[in-house]
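First up is the structure itself, then whatever we jot down about it.
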Amino acid sequence: MTAPKSLLSALRNAVGDAHVLTDPDVIAGHTRDWTGRFSGTTPAVVRPATVDEVVAVVRACGDAGASIVPQGGNTGLVGGSVPLHGEIVLDLRRLDALGPVDAGAGQVTAEAGVTIERLHDYAHAAGWNYGVDLSARGSATVGGTVATNAGGIHVLRYGSTRRQLLGVEAVFADGGVMRRLDGLEKDNTGYDLSGLLCGSEGTLAVITAARLKLVPRPTHVVVALLAFDAAETALDAVGELRRELDSLRAVELFEQRGLDLVCERLGLARPFPAGHATFVLVEAAARTDPTDELASAIDALVGVADVAVAADDRGARDLWRYREGHTEAINLLGSPHKLDVTLPADQLAAFLVEVRERVVSVEPNAAVWLFGHAADGNVHVNVTGVAPDDDRITDAVLQLVARRHGSISAEHGIGTAKRAWLHLVRSAEEIAAYRAIKNALDPNSVLNPNVLLPPETRA
Ligand code: FAD
Ligand code: MLT
Ligand code: ZN
């Protein structure tokens, strides 16, 4: 992939020669997504370190008629963070400063490239917590999680990224900068542009920093893994736990076949001597020890076939590994199709049965892996044994979801992977409004023009 010499030299002027990378070996990790399903080519990966440098890069690309894919940790799972159409990759990870924690307000300003893990460590050191957590924490960035409105494991307690967001600093496609980092809890002035940029997947502006709320830090965390012999009973238990357990912070779900795969591929010991149908991982977190409260909530559940409990960090991490290891273990089978969806609570049990049957009827060689954030109705439908470009699986699964009034994107975004199915869950009027916003903020299609919106069909 080549670019006009004038663009490369404008980019070098903007960020310095050392931060315009073109060597294919060096940039390989920027052009292929985490799953390996999506890969492309780019003339250059550009690594600005300041907002002014981001402005200069955006202007240089705009002047040259080149498009940009903003990139954080490149852990996105919908093909939105890699240059599938020869875009310039704008790597934001050198913007990695953290402002002081405002101890009174419980807020912090983090630049886009700060990883979620670093943000957690930083908040902890100041006696706080950050409300969004996910197993990609070591690589996923503040900018990427704001751009995708990431969810993760603690949504039931604190909400998705949008709920943590008090404002952003961002660079628009024309190089203009908005800076809304004052941290006002109440500010009813006009359109909420920060809220709009959250979840915009790099299509409306480049996020350079975010003002984030922090949450109180629980001092006691207890984790339990519950085994059930039927998915319905497991889902009933999820509802019961939500009703009964004040300290509930996470409720996750996976199946025996996923557990077998994780244990086999990641070399983990099995948690229980016998096999079961479905597993629910529960995390309780509070300022006082929630062990007794959790134990009595579990005692009151119907159909618990086995239980493992961990009250220390190491044991809790080991139990979480059974759930969080799914992404890695499945990827070891070959690039999966990853369909991250939400169902209304009363549709979930039927969907879990129906979706496997449907996928296998479309492709008998497919293997279906179901796991996710049970309390949010968020299932990750992962399918292996299918060619990366076989759209029949996406179509079959997303049609089922839409029929049951679910969402085709719970937390990962639309990206490239699902843009052709947006119409299933957004009306023509809504898509026209999305397009009007895109055209108003980025009339020359500089910023991630190939994600989120479906390709325009011309009459
Ligand atoms: P990238 O992957 O680099 O980019 C994602 C999107 O955001 C792209 O469209 C990109 O163009 C845009 N973007 C990135 N940075 C910026 C910026 N500064 N300004 C504007 N646009 C930008 N997601 C969840 O929601 N919940 C989970 O539990 C979860 N678990 C995961 C576990 C694993 C093991 C993996 C690999 C992924 C997981 N994800 C999860 C998906 C992924 O981590 C999130 O989507 C995350 O928000 C992406 O952050 P990132 O920094 O890697 O962004
Ligand atoms: C998860 O919850 O583990 C993630 O969203 C990643 C995935 O879907 O694999
Ligand atoms: Zn998830």
Side-chain angles (χ1 to χ4, degrees), residues 29-30 33-36 38 48 51 54 58 67-84 87 89-93 95 110-116 132-155 160-161 168-173 197-210 250 252-254 258 262 320 323-331 336-342 369-374 376 378-382 409-417 419 447-452:
H30 295 271
D33 82 325
W34 195 92
T35 65
F38 300 100
V51 178
V54 174
V58 169
S67 298
I68 291 172
V69 174
Q71 192 178 78
N74 197 14
T75 64
L77 296 171
V78 287
S81 53
V82 284
L84 300 182
E87 298 89 340
V89 175
L90 183 61
D91 175 356
L92 278 312
R93 287 177 306 171
L95 279 92
E111 284 192 333
V114 171
T115 65
I116 295 305
V132 169
D133 196 13
L134 68 180
S135 66
R137 58 184 74 79
S139 306
T141 61
V142 165
T145 52
V146 172
T148 56
N149 185 24
I153 56 179
H154 293 153
V155 168
S160 298
T161 300
V168 302
E169 176 189 72
V171 176
F172 291 113
L197 296 186
C198 184
S200 65
E201 302 187 42
T203 61
L204 300 181
V206 178
I207 293 154
T208 50
E252 302 282 314
L253 182 113
F254 51 93
V262 169
W320 265 108
R323 161 62 183 88
E324 294 198 328
H326 273 66
T327 312
E328 187 184 341
I330 291 166
N331 234 57
H337 286 237
K338 295 183 85 70
L339 298 158
D340 150 54
V341 300
T342 320
W369 311 94
L370 302 174
F371 59 99
H373 313 287
D376 313 327
N378 180 184
V379 190
H380 297 309
V381 180
N382 281 216
S409 168
E411 55 173 14
H412 294 168
I414 294 295
T416 305
R419 60 198 289 237
L447 298 175
N448 232 358
N450 301 298
V451 312
L452 208 160

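Bear in mind the structure is a predicted one, so any value in this text is a computation, not a measurement. Note that these values count all heavy atoms, side chains included, but never hydrogens, waters or copies made by symmetry. For reference, positions follow the sequence shown, starting with 1. One-based numbering, in listed order, for ligands and for the atoms of each.
Residues Val168 and Val146 form a side-chain contact, since some pair of their non-hydrogen atoms from C-beta on lies under 4.5 Å apart. Looking at Val262 and His326, their side chains come closer than 4.5 Å, going by heavy atoms from C-beta outward. You'll find the side chain of Val381 reaches within 4.5 Å of the side chain of Leu370, heavy atoms only. Taking 4.5 Å as the limit, some side-chain heavy atom of Val82 sits within range of a side-chain heavy atom of Asn74. Inter-residue side-chain proximity for Ile153 and His373 is flagged as met; some heavy-atom pair is nearer than 4.5 Å. Annotation: side chain of Val54 is in contact with side chain of Leu95 (closest heavy-atom distance under 4.5 Å).
Listed by chain and number, residues touching ligand 2 at under 4.0 Å (heavy atoms only) are Leu77, Arg323, Thr327, Lys338, Phe371, His373, His380, Glu411, His412. Contact residues of ligand 1 (protein heavy atom closer than 4.0 angstrom to a ligand atom; sorted by chain and number): Trp34, Pro70, Gln71, Gly72, Gly73, Asn74, Thr75, Gly76, Leu77, Gly80, Ser81, Leu92, Ala112, Leu134, Ser135, Ala136, Ala140, Thr141, Gly143, Gly144, Thr145, Ala147, Thr148, Ala150, Gly151, Gly152, Glu201, Gly202, Ala205, Val206, Ile207, Thr327, His373, Glu411, His412, Asn448.
The closest side-chain donor-acceptor pair between Ser81 and Gln71, if any, does not fall under 3.5 angstrom. A donor atom on one side chain and an acceptor atom on the other are not found under 3.5 Å apart for Asn331 and Thr35.
Only protein N, O or S atoms were considered, and those under 2.8 Å from the Zn ion (ligand 3) are His373 NE2, His380 NE2, Glu411 OE2.
The nearest pair of heavy atoms linking Gly72 to Thr141 is CA-OG1, 3.6 Å. Ala170 approaches Leu197 most closely through the heavy-atom pair CB-CD1, 3.6 Å.
Counting only residues at least two apart or on different chains, the salt bridge (Lys or Arg N to Asp or Glu O under 4.0 Å) pairs with a member in residues 137-155 are Asp133-Arg137, Arg137-Glu324.
Evaluated for a side chain to side chain contact (heavy atoms under 4.5 Å, CB included) with Asn448, the options Val206, Thr203, Leu204 yield exactly one hit, Thr203.
Taking the six-membered ring where the residue is Trp, His412 and His380 present parallel rings, their angle staying beneath 30° rather than reaching 60°.
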